[in-house]
Each structure stands twice: as structure tokens, then as C-alpha cells.
Amino acid sequence: MGIERGIFNRTRLLLGDEVMARLDSTRVIIFGVGGVGSWCAESLVRSGVRHVTIVDSDRVCITNINRQLMATTRTVGQVKVDALKEHLLTINPTAEIDARQQIFNEDTAESFHLDDYDFIIDAIDSLKDKLLLIEMACRTKAVFFSSMGAALKLDPTRIRVAEFWRVEGCPLARALRQRFRRLRRRPAHKFLCVYSDELLENKGCNATCGTDKCMCPKAKNGPGDASLLNHEWCSSKAQINGTLMHVTAIFGLTIAGLVLKEINK
């Protein structure tokens, strides 16, 4: 394909034809395309991965603009996966982007057919659903990578990669391990996580963004348009924490890098 030859000229120069062929046939599914998952998808498509499934139930909220790839003042209110798909196709029009406005949980898990993928990427927030995805992904032959908590971070030099049971200083990883122990279960195999041991405190108040563009129904005194909501994950969060793009993007780009490293073996 002529256009792809041009788009991926520099990638091919570094990785060679054999790896480019593997990138072209690799199938990736990303659960959660917010501050972490959206940048991961961007990097994979720009690197030559053509078959990407993106899963997220949310619509773009004005509060997403500070960190999420497809979130702009023009896309507020749009379905996140649709906005991201449109953007990704401007990078590579021949890419096959499967956009699913769904939430991953006990009721929907089987519908994703995880065995069909070479890589499964977890960038979701819900503790219960994250644990379920970890368990199910680790029972497949796919390579699985997971993002731990990216909120309340500022220092990019403290972002690390480690095996799940060796992640240190991350409350989300700790909570997941505690729940696994309480259930007396373990993932079927080891897997790598991106995390940071930094934990700052919110200095501002958690209140409405002050506009009529907020999609978050739990924002204090927030207007929230119920007609636009579709099982939004933010509506079930006990607390909203401050987050910055450079941190969430590094998380997502690191996971994409791990995928490329695996394909390049």
C-alpha cells in the first residue's frame, strides 16, 4: 500500500520489513481510552499497528481536555471511541479501528472474545472490572499489559515498569493484590504494569468545572446532561483526583513501547 509505505518509512528504517509485517497483522484491544489508553492507541497506530479495538463507554467531557488525546472543545459530548477512531484514521486511513462504546464488566466480558487478540491492554479505573480483566486476559495466549494509577502524579522520572506483584508505592496495585489475596485467587501468569510510586494530594477543591459542558454526573453541583450518559465510569468513582497529561501520556506511550518491544523480539 503506497500511503502506508510513506507513513511508516522511518519505522521501517529502524525495525525492518519482517517486524513491519508483524505489526501489520498484530491485533490489539485497549480497554479504556482516557488519559492513558488514548495515547497508547495513538502510538500504536503511528507505529504501524493496523488492527486496534478501542473500548470505552464514556463521552468526551470538558474536564478531559487537559489530558486525553481526542478531547478538544470541538469534541465535547461526542462518544470517546468514535472521536478517537476518527482521529486515528487521519493518521492511517487504511487502519482497521473497531470502536466499541461499551463497559467491560461481568455482564459484557465474554462478548469481547479476548482470545482473538495478540495484545490486551488494561487502562480502566474500576477496581472490580480491572481485576476481572486481569484474570480473563491472563487465561488467554495474548500478551497482557496493565496501567496502574496515573492520577496524583507530577514527576515523570518516577514512572516505572514492573511485574504486578513487584509494583511498589501504588495504592491501586496494592488494592488489587489485597483483593486477589482476599478472594484466594491469582492471575494465571505474571504480567508487566506501568506505575509510579509518587502520590501527591489534591490542592484544589473537587467541584463542578463551572461550565455547561461537564459530562460528570457526580461533579458537585454539576449540571450533567443525563441524555448524554451511557454507563459512564466517572459516575461510579468514589473520588475524582487531579491528573496531568504528561504523566498519563507517558503511561500510555510506555505501554505502546512494551507492545513494540515484544513484537520486535
Side-chain angles (χ1 to χ4, degrees), residues 10-11 14-15 28 30-49 52 54 56 58 60-72 80 84 87-88 91 119-127 130 134 143-177 190-206 209 233-234 237 239-264:
R10 297 297 190 272
T11 310
L14 176 64
L15 302 179
V28 180
I30 304 173
F31 289 94
V33 292
V36 174
S38 61
W39 296 99
C40 181
E42 165 101 350
S43 181
L44 291 175
V45 171
R46 285 190 185 274
S47 299
V49 177
V52 180
I54 49 178
D56 199 303
D58 287 358
V60 177
C61 176
I62 197 169
T63 60
N64 301 149
I65 294 175
N66 82 316
R67 69 196 182 281
Q68 298 184 14
L69 176 69
M70 63 288 169
T72 70
K80 282 187 181 180
L84 181 57
H87 169 75
L88 295 175
I91 297 168
F119 292 89
I120 301 170
I121 295 169
D122 158 40
I124 62 179
D125 298 323
S126 165
L127 188 67
K130 199 175 191 76
I134 289 172
V143 179
F144 175 62
F145 297 120
S146 181
S147 170
M148 295 294 106
L152 300 176
K153 319 291 185 188
L154 179 62
D155 187 349
T157 68
R158 293 174 69 169
I159 298 172
R160 301 283 188 271
V161 176
E163 199 282 319
F164 173 63
W165 294 99
R166 295 183 177 275
V167 173
E168 298 179 347
C170 175
L172 178 56
R174 186 183 308 117
L176 284 166
R177 291 193 295 256
K190 295 180 179 181
F191 60 95
L192 293 178
C193 302
V194 179
Y195 74 100
S196 167
D197 63 359
E198 183 179 25
L199 190 62
L200 304 176
E201 294 182 356
N202 289 315
K203 292 184 178 180
C205 60
N206 185 18
C209 62
W233 292 341
C234 64
K237 289 183 180 179
Q239 181 178 343
I240 306 296
N241 290 314
T243 320
L244 293 170
M245 178 206 143
H246 72 277
V247 173
T248 63
I250 292 172
F251 270 57
L253 296 176
T254 300
I255 293 176
L258 293 173
V259 172
L260 294 173
K261 182 179 177 182
E262 185 72 21
I263 295 172
N264 190 49

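In this text the structure is predicted, and so the values were computed from the model without any measurement. Residues take their numbers from the sequence shown, with the count starting at 1.
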Considering only heavy atoms from C-beta outward, does the side chain of [X] approach that of [Y] to under 4.5 Å?
X	Y	result
Phe145	Phe191	no
Ile30	Asp122	no
Met245	Trp39	yes
Ile134	Phe144	yes
Ile120	Phe31	yes
Glu198	Leu154	yes
Leu258	Val194	yes
Phe251	Cys40	no

| said: Test: side chain to side chain donor-acceptor pair (under 3.5 Å). Region: residues 242-264. Which pairs qualify, not counting sequence neighbours? | reply: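 Side chain to side chain donor-acceptor pair (under 3.5 Å) check on residues 242-264 returns Glu262-Lys265.
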| query | Any side chain to side chain donor-acceptor pair (under 3.5 Å) pairs touching residues 155-164, not counting sequence neighbours? | reply |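 Those involving residues 155-164 are Asp155-Thr157, Arg158-Asp197.
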| task | Could you tell me whether a side-chain N or O of Ser38 sits under 3.5 Å from a main-chain N or O of Gly34, the two making a donor and an acceptor? | result |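 Indeed, once roles are kept as given, a pair shorter than 3.5 Å links the two residues.
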| query | Checking Lys80 side chain against Gly32 main chain: does a donor-acceptor pair fall under 3.5 Å? | reply |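 Judged by distance alone, no pair lies under 3.5 Å.
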Identify each donor-acceptor pair in which a side-chain atom of residues 164-171 lies under 3.5 Å from a protein atom, sequence neighbours left out, and give them as a table.
none

| task | Taking salt bridge (Lys or Arg N to Asp or Glu O under 4.0 Å) as the test, write out the residues that go with Arg46, two or more places apart. | result |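 By the salt bridge (Lys or Arg N to Asp or Glu O under 4.0 Å) rule, Arg46 matches Glu42.
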| Non-neighbouring partners of Lys153 that pass side chain to side chain donor-acceptor pair (under 3.5 Å), sequence neighbours left out |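 With sequence neighbours excluded, Lys153 shows a side chain to side chain donor-acceptor pair (under 3.5 Å) to no residue whatsoever.
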| request: Can you sort out the partners of Arg174 under side chain to side chain donor-acceptor pair (under 3.5 Å), two or more places apart, ordered by chain and number? | output: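 Here no residue qualifies.
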